[in-house]
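A quick write-up on the structure given underneath.
Keep in mind that this is a model prediction, so the values were computed, not measured. Numbering of ligands and ligand atoms starts at 1, following listing order.
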Amino acid sequence: MKAVYTPRHLAHDVTRETFLGESIPAHEVVARAESIRAALEADGGFELVGPTEHGREPIEAVHDPGLVRFLEEAWPAVERERVARGALIADTYPSRPMFEGMSDAVVAARPEPEAIGGRAGWWGLDTANPIVAGTSDAARGAVDVALTTLDLVLGGERVAYGLCRPPGHHAARSMAAGYCFLNNAAIAAEAAVRATGERVAILDLDFHHGNGTQQIFWRRGDVFYASLHGDPRRIYPFFLGHADEVGEGAGAGENLNVPLPAGTGDEAYLEALERALAAIADRPGSLVIVSLGFDTYRDDPICDFALTTPIYHEIGRQVASLGRRLVVLQEGGYHLPTLGANAVSWLRGADGRAGVSRP
Ligand SMILES: [Zn+2]
């Protein structure tokens, strides 16, 4: 199987994040992607290829150009404004009640702030998006990885894997969030629709709800979004991911959220997966984008499911049994010691290869 990787992610070298107001060691770190790359190389069944540049056009087909501009300008502004921090993390966000009673037109006319702290809040959701000098370039590299993976599949590969970092599924049209800056899967899905004229399905198997992907395609009938995730009543992103969010307008019925309880294990997860796969099989189209996270693993430090390494092989096998072309893109997963083995397990399953027995 071809796997797309670029060292450009190394420039997004984040060491700290803020959690409930406290600065803690970052979870979304360089070592994540490097451990997966090492496991793919050690397996021997993957051919690593570099991405090709796709420019900003496919990005701005999905994202507000202002978000792309902000990411480019953020670190130079930090240096210009002499913000004495290792990373830019906003602490003031435009929460909805701030505008209560004001008309949509008046709210929409509020100008983007000038100070970089204000801009980071304007274009962000939360404090899990530390921006450093190389963040913009790394995010652009991850998009190129995703689009190159799509190119491989459009060029005849049945399945290909993009080792995207930073991840993307929390990033909405005009908002970075939860370690994500640009929505790699959404950008690939939009490009796939434009290239094929077909309907496309996105299957989100990260532990968290992909609020950004849902938002981007909320009113779209040509992109079906299905997500299995920790129930937002207890889990980030807290405000979206409920089962009654089904899309609106042309997108009505084209959004499937399957929130799951704490402790969800292999068997319960496979049952939920069956629902999502059946919904995809019911719809036309030949291509599925998979937002793949391994934060569903039982020892993940920030999540509460209980999946095991062998089950990833079975999940990959079942997703491939849809008989559709698969563009598999990396999202989350934070238990470094098993990240590589879990990725290899999933991808071998999707590739029709036997699983490997590992502890
Ligand atoms: Zn996640």
Side-chain angles (χ1 to χ4, degrees), residues 9 12 14 17-20 24-33 35-36 124-130 139 142 146 161-172 175-186 202-216 225-242 245 257-264 269 272-273 276 289-307 309 311-312 315-316 319 328-340 342-343 346:
H9 82 91
H12 181 54
V14 169
E17 66 179 79
T18 302
F19 177 68
L20 291 176
I24 60 168
H27 290 290
E28 204 296 286
V29 292
V30 159
R32 293 181 56 248
S35 68
I36 294 176
L125 172 71
D126 54 63
T127 59
N129 290 297
Y161 170 67
L163 213 183
C164 297
R165 180 182 176 270
H169 73 153
H170 293 304
M175 182 186 84
Y179 309 150
C180 304
F181 301 91
L182 299 170
N183 195 318
N184 309 310
I202 302 174
L203 176 61
D204 193 328
L205 301 180
D206 186 272
F207 170 80
H208 300 93
H209 177 244
N211 59 286
T213 313
Q214 171 175 297
Q215 182 274 319
I216 287 165
Y225 177 70
S227 175
L228 316 186
H229 50 263
D231 194 318
R233 286 176 296 182
R234 71 174 197 285
I235 296 290
Y236 180 94
F238 300 119
F239 317 120
L240 288 175
H242 301 279
E245 295 156 20
N257 285 335
V258 185
L260 296 165
T264 293
Y269 194 87
L273 178 68
I289 313 261
V290 182
S291 270
L292 184 59
F294 296 110
D295 36 8
T296 47
Y297 183 65
R298 63 180 179 191
D299 293 330
D300 191 275
I302 59 174
C303 301
D304 64 12
F305 283 1
L307 269 55
T309 298
I311 207 66
Y312 291 115
I315 295 168
V319 173
V328 184
L329 303 177
Q330 189 61 47
E331 299 282 359
Y334 307 98
H335 185 251
L336 288 174
T338 56
L339 207 42
N342 288 341
W346 202 102

Legend entry - N183 vs Q215 side-chain heavy atoms within contact, under 4.5 Å: no
Legend entry - Of the N, O or S atoms in D206, the one nearest the Zn ion (ligand 1): OD1
Inset, instruction - Provide the atom name of the closest N, O or S atom of H208 relative to the Zn ion (ligand 1). - result: ND1
Inset, instruction - Just give me the atom name: the N, O or S atom of D295 closest to the Zn ion (ligand 1). - result: OD2
Inset, instruction - With sequence neighbours left out, write down each residue that passes ring-ring contact (aromatic ring centres under 6.0 Å, His included) with H335, or none if nothing qualifies. - result: Y297
Inset, instruction - Give the minimum heavy-atom separation between C180 and A171, together with the two atoms involved. - result: CB-N, 3.8 Å
Inset, instruction - Could you list the residues that satisfy ring-ring contact (aromatic ring centres under 6.0 Å, His included) with H169, not counting sequence neighbours? - result: none
